[in-house]
Amino acid sequence: MGPAMDSIIERLRGVPWEALRLDLALPAIERVLSGSAAEREVDRSLRSARDLDRPGRAALVEAIFGVALWRRRLAFHAGSPEARLLLFALLRDLAGREDAGALCGVAQEPPRRPAPEPLADRFSLPDWLSALFVRELGPEGAAAFAEAICAPGPVCLRANTLRCSREELAGRLTAEGLTTRLALLARDGLVVTTPRPNLLGLASARAGLFEAQDEGSQLLGELVAAEPGETILDLCAGAGGKSLQLAAHLQNRGAVIAHDPDQERLQRLARRAAKAFATCIEVAVPRESDRVLVDAPCSELGTLRRGPDARWRKGEAAAAGFPALQRALLERAAPLARNRLVYGTCTLRREENEDVALAFEQAHPEFLRQMPAVCPTSEGFFRCLPYLHDTDAFFAAIWDRR
Ligand SMILES: C[S@@+](CC[C@H](N)C(=O)[O-])C[C@H]1O[C@@H](n2cnc3c(N)ncnc32)[C@H](O)[C@@H]1O
């Protein structure tokens, strides 16, 4: 068992399972197993039982998220895909409760089985994802990756350097009762060490002193190497995580041109920019710029640890269309990049990463690929991984115009 699995088991052992309300948990778990999102079912169950005490709420949340994530491993132990037996296996085989039968109303307990060996059973993965992890990372890397994505990952903040340094932010957060440590790789990153922090309730959040942003995402933004006075095009800006970061790198001198076809996301970006004092961001039609970031739409397999059931809500077929879109986005970006072009994804699939980048540079000899200073691969790309860097998985290629 690796370190992630140890801490998962320890957390499950600490849940007050005796407070679990089966009448709330079982229907929610059944809906999750039929395809409803676990997050939605947790919200719905908690809202329907507002009088539930703290231990009851904790047990309900862990039961729904636990079965959502571990369903395949639990079916192995239970010998059945039935919701009540899966919950029973969560309590008996992962959380180590001897009274699991009584707590779950299971009279005929299935026989105990040792932990399964195959990756897909051990870390509760669909077959196609298990095969993809092995293909991309080799057997050892796949096991380490699969284990790492069974834990939710740390909460990482980016100090908004338009307002304060990360050291000043750490001091402010300590005064507000939140402990942090410096991120090891991202220059403005702070990793929260207080368990289950309520970030939205903090005065420093209301003052726009930080953004929650995974450390890997921050590293990707840093690859642009934006300098004050430059114009930066963020071609796939979305709700603006990286636009805000780039505005901070510019120290509001110059411009970040934010583009995205999704108007709702751009509206969120505008609200976040106002709160963060990021005055140099323009939501505008793409135009020639010193540097261009293509933070491309992708299959998002690098962020699977962010949702307990994310792995069960994705399909292999849905990823098929991304490479053509990614190539088209790079073709659109290339003539607009005066100096640097950065292509990034949060996925592991070679078809969306190396293959897209290599095809682009074959067609564009005017761009020369640059080796990243952090997280370089042997092929000269950027890749960070949860089990190596404690980040979500991101890929990037960096080119400078010759
Ligand atoms: C990975 S997300 C961007 C995340 C964002 N950069 C951030 O840091 O928060 C990819 C974005 O690409 C956008 N997108 C999809 N099709 C696009 C297109 N044809 N041109 C530009 N952006 C597109 C999506 O709407 C989505 O917001």
Side-chain angles (χ1 to χ4, degrees), residues 155-158 160 186 188-189 208 210-224 226 232-250 256-276 278 280-287 289 291-307 310 314 318-337 340-349 352-353 356-357 360 382-384 391-398:
V155 174
C156 192
L157 310 179
R158 181 181 55 76
N160 178 7
D188 300 322
F210 67 82
E211 294 289 327
Q213 186 179 359
D214 181 76
E215 188 173 359
S217 165
Q218 295 187 39
L219 292 174
L220 178 46
E222 287 180 20
L223 298 177
V224 178
I232 315 291
L233 170 60
D234 188 0
L235 189 64
C236 309
K242 296 193 191 59
S243 293
L244 294 176
Q245 181 185 11
L246 293 167
H249 291 172
L250 294 184
V256 176
I257 316 297
H259 167 79
D260 200 283
D262 186 327
Q263 293 306 311
E264 192 273 327
R265 287 182 198 197
L266 288 177
Q267 281 166 10
R268 271 193 283 150
L269 178 153
R271 285 196 296 274
R272 291 172 75 191
K275 193 171 144 201
C280 69
I281 299 180
E282 296 169 31
V283 172
V285 175
R287 64 171 187 263
S289 302
R291 298 165 193 263
V292 180
L293 171 61
V294 180
D295 188 15
C298 70
S299 52
E300 298 180 3
L301 303 182
T303 57
L304 289 175
R305 65 182 185 161
R306 297 289 164 200
K314 292 198 178 290
F322 283 116
L325 173 59
Q326 290 154 344
R327 280 295 316 275
L329 284 166
L330 275 176
E331 287 303 325
R332 184 167 186 204
L336 302 178
R340 173 163 285 199
L341 174 59
V342 176
Y343 170 73
T345 74
C346 59
T347 195
L348 288 179
R349 293 177 70 237
E352 298 176 55
N353 292 342
V356 168
F360 170 78
F382 165 92
R383 183 163 72 178
C384 58
T391 60
D392 289 341
F394 284 88
F395 167 89
I398 311 159

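One-based numbering, in listed order, for ligands and for the atoms of each. The chain is numbered in sequence order, starting from 1.
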At a 4.0 Å threshold, what atoms of ligand 1 neighbour a non-hydrogen atom of G238? 27 (O)
Atom indices of ligand 1, in the order listed, that fall short of 4.0 Å to a heavy atom of L329: 18 (C), 19 (N), 20 (N), 21 (C)
Report the nearest protein non-hydrogen atom to [atom]: residue, atom name, distance rounded to 0.1 Å.
atom	value
atom 23 (C) of ligand 1	P261 CD, 3.3 Å
atom 8 (O) of ligand 1	K242 NZ, 2.9 Å
atom 12 (O) of ligand 1	C236 CB, 3.4 Å
atom 15 (C) of ligand 1	P297 CG, 3.6 Å

Less than 4.5 Å apart, side chain to side chain, heavy atoms only: is that true for [X] and [Y]?
X	Y	answer
L301	R349	yes
L244	R158	yes
R271	R268	yes
L325	P297	yes

Intermediate values then yes/no, salt bridge (Lys or Arg N to Asp or Glu O under 4.0 Å), D234 and K242: CA-CA 8 Å; D234 188 0; K242 296 193 191 59; over 6 Å; no
Close N or O approach (H259, ligand 1; < 3.5 Å):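 No, no N or O pair falls under 3.5 Å.
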If you measure every N/O of G241 against every N/O of ligand 1, is any gap under 3.5 Å? yes
Between the side chains of T345 and Q326, is a donor N or O closer than 3.5 angstrom to an acceptor N or O?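 There is no such pair between these side chains.
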Only counting residues at least two apart or in another chain, list the ones meeting salt bridge (charged side-chain N to carboxylate O under 4.0 Å, His left out) with D214.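 Salt bridge (charged side-chain N to carboxylate O under 4.0 Å, His left out) check on D214 returns R305, R306.
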Nearest 0.5 Å, what's the NZ-OG1 distance between K314 and T347?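 Rounded to the nearest 0.5 Å, the NZ-OG1 separation comes to 8.0 Å.
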Contact between A296 and ligand 1, counting heavy atoms under 4.0 Å? yes
Name the option, out of D214, L235, T345, L325, that contains the heavy atom nearest to atom 21 (C) of ligand 1.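 Among D214, L235, T345, L325, the closest heavy atom to atom 21 (C) of ligand 1 comes from L235.
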Given L244, V294, D260, D295, which one has a non-hydrogen atom that is nearest to atom 10 (C) of ligand 1?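 Heavy atom nearest to atom 10 (C) of ligand 1 belongs to D295.
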One residue to check: A237. Relative to ligand 1, which of side chain, backbone, both or neither has a non-hydrogen atom less than 4.0 Å away? backbone
How does R265 reach ligand 1, if at all, at less than 4.0 Å between non-hydrogen atoms: by side chain, backbone, both, or neither? side chain
Pick from F382, F360, F395: which one makes a side-chain contact (heavy atoms from CB on, under 4.5 Å) with Y343?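 The passing option is F395.
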